[in-house]
Amino acid sequence: MTRYLISFDDGAMTFPEEELPEVAEASLEVVRKARDAAVWVFGGGLERQQASVVSTDGTVTNGPYPETKAVLGGFAIIDVPSREDALEWAAELAAACRCAQEVREIMPDPTA
């Protein structure tokens, strides 16, 4: 099996505020389905623009970073047999979250 990162841009969720409970429930339903299918590894939403960058010398710079065009809004990590399977899960998440999802393969753990 291969792990995939499914993520969305922070600004991609543009539905009306009053629809948030419905979107949240639909998203949780996909997570439940992925857990039941034993493909869910981990996931969650990220606090808006709360990034810190740690440089190679250990210097810490705190955000927000307005020059950044895309900010990760949330993600899921799944473990599935193929990219096609990952794309199917991403499609379910896209429909539930009402926003496009990006799919990337995670490189194998070098210590495994």
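As a basis for the values below, the full set of heavy atoms in this structure was taken, side chains included, without hydrogen atoms, waters or symmetry mates.
Remark: Q101 CD to D9 CG distance equals 10.5 Å, nearest 0.5 Å. A distance of 8.0 Å separates CD1 of I78 from CG of D85, quoted to the nearest 0.5 Å. Taking NZ of K33 as the start and CG of L93 as the end, the distance is 10.0 Å to the nearest 0.5 Å. Atoms OG and CG, from S7 and L72 in turn, are 5.0 Å apart once rounded to the nearest 0.5 Å. Atoms CD1 and OH, on I77 and Y4 in that order, are 13.5 Å from each other to the nearest 0.5 Å.
Checking side-chain atoms of S55 against main-chain N and O of G58 turns up no donor-acceptor pair under 3.5 Å. Side chain of D79 to main chain of T2: a donor-acceptor pair is present (N/O by atom type, distance under 3.5 Å, no hydrogens or angles).
Put simply, the side chain of V41 reaches to within 4.5 Å of the side chain of R3, judged on heavy atoms.
By the rule that hydrophobic residues join a cluster once side-chain heavy atoms approach within less than 4.5 Å of another member, V30 and V80 end up as members of one cluster. Put simply, M1 and I106 are part of two different groups of oily side chains (I, L, V, M, F, W, Y) that touch within less than 4.5 Å, one to the next.
What you find for A37 and W89 is that their closest heavy atoms are CB-CZ2, 4.0 Å. Considering every non-hydrogen atom in both S27 and C97, the closest pair reads OG-SG, 3.3 Å. For the residue pair A90 and V103, the shortest heavy atom distance occurs at CB-CG2, 3.4 Å. Contact between S52 and V60 at its shortest, heavy atoms only, is CB-CG1, 4.2 Å.
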What donor-acceptor contacts under 3.5 angstrom involve side-chain atoms of residues 11-24, with partners at least two apart or in another chain?
residue: E19; atom: OE1; partner: R98; partner atom: NH1; Å: 2.2
residue: E22; atom: OE2; partner: R98; partner atom: NH2; Å: 2.8

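Note on residues 23-42: pairs passing ring-ring contact (aromatic ring centres under 6.0 Å, His included), not counting sequence neighbours, are F42-F75.
A salt bridge between E105 and R83 is absent, with no side-chain N of the basic residue lying under 4.0 Å from a carboxylate O of the acidic one.
Under the side-chain hydrogen bond (donor to acceptor under 3.5 Å, both in side chains) criterion, R104 pairs with E102, sequence neighbours left out.
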